[in-house]
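Remarks on the structure that follows.
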Amino acid sequence: MPGCQSDPNGVLFAVSRQTVLIVEDDSVQRALLSAALVTEYDVLTAQNGAEALKMAARADLVLLDAGLPDMDGVDVCRSFKKEKDLADIPVVFLTARDSSGDQVTGLEAGAIDYLLKPINLEVLKARVKTYVQLKHQRDALTRLATVDGLTGIANRRSFDNALSREWKRLARTEQPLCVILMDVDHFKQYNDTYGHGLGDECLKRVARTAADTIKRPADLVARYGGEEFVVLLPETDLEGAKVAAEAVRLAISGLKIPHKASSAADHVTVSLGVAQGAPSEGTDHHTLLEAADQQLYKAKKDGRNRFMAAKVE
Ligand SMILES: [Mg+2]
């Protein structure tokens, strides 16, 4: 998602300038187009289709010359649309006035628009602005759909997608997958004592701390709902997941957020349920979450501010 990047835990942050990739083999044209856009955008240039395919992932918009030395521009565009990471990047074709066939095939190949050569630079700037804004808005919507509004970490939908994806992926190699369910101890009493404003602040700090503690790129920390959080640990066995759960528990307890209504401590603590699943063909991930939930229940029953762990048999 160029224009908007995420850290390993899916926390997104805005990147102010957007990037336009100019793919043009004529050096004079390339320089003209770059000069027209460089004050408002980060401009990348490519001289042929092969370079364009390598660089496109960094772009928010691609200006694509129809006639390139190594590949037809239409084929470059088709290649973008086949790649999952590139398919959503808008492509504007740059075509000669006398080649209306290029314009039609360009649009059929998935280009959003075309501009006729010689390029009117004012028209170019206006079109680029429109398409970059559209891309930005779409990225923002995608972000809203995957990020929890309060805490900024991944939401439950992202987690559900990641769990099902990782389960299928690990089933092929039969590697373990662990889940940690985590609940803020006596959070209702926290809200009743300190108010919902501080309750929200508490959840934000708990989320941030958990996300900062779980550092491997493939791991995911998400808000599961209310005061419940979840951690996904692919290719991790139960011993590894216990270490992670204890690290998160200690880090959150270490915040020393006062909680005088808690029976577990005089500050905010969490209880955690850890479960290891064994993904394999023909199984599904629901038993893993159920097992983590059972362990969480045990941890609470046992006095809170602790984790309990089990393997799914
Ligand atoms: Mg050309």
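For ligands, and for the atoms within them, numbers begin at 1 and follow the listed sequence.
- Among residue pairs with one or both ends in residues 275-286, those qualifying as side-chain hydrogen bond (donor to acceptor under 3.5 Å, both in side chains) are W167-T283, D284-H286; sequence neighbours excluded.
- Of the charged side-chain nitrogens involved, none lies within less than 4.0 Å of a carboxylate oxygen, so that D200 and K204 do not count as a salt-bridged pair.
- Around the Mg ion (ligand 1), protein N, O or S atoms at less than 2.8 Å comprise D25 OD1, D65 OD2, G67 O.
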Requested in this report: Could you check K215 against D219 for side chain to side chain contact (heavy atoms under 4.5 Å, CB included), going step by step and ending with a plain yes or no?
Outcome: CA-CA 7 Å; K215 289 198 183 83; D219 299 343; over 6 Å; no
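- Judged as a salt bridge (charged side-chain N to carboxylate O under 4.0 Å, His left out), the pairs with a partner in residues 117-132 (not counting sequence neighbours) are, in order, E24-K117, D65-K117, D113-R127, E122-K125.
- Among residue pairs with one or both ends in residues 40-54, those qualifying as side-chain hydrogen bond (donor to acceptor under 3.5 Å, both in side chains) are R17-D42; sequence neighbours excluded.
- Distance alone, capped at 3.5 Å, places no donor-acceptor pair between the S253 side chain and the R249 backbone.
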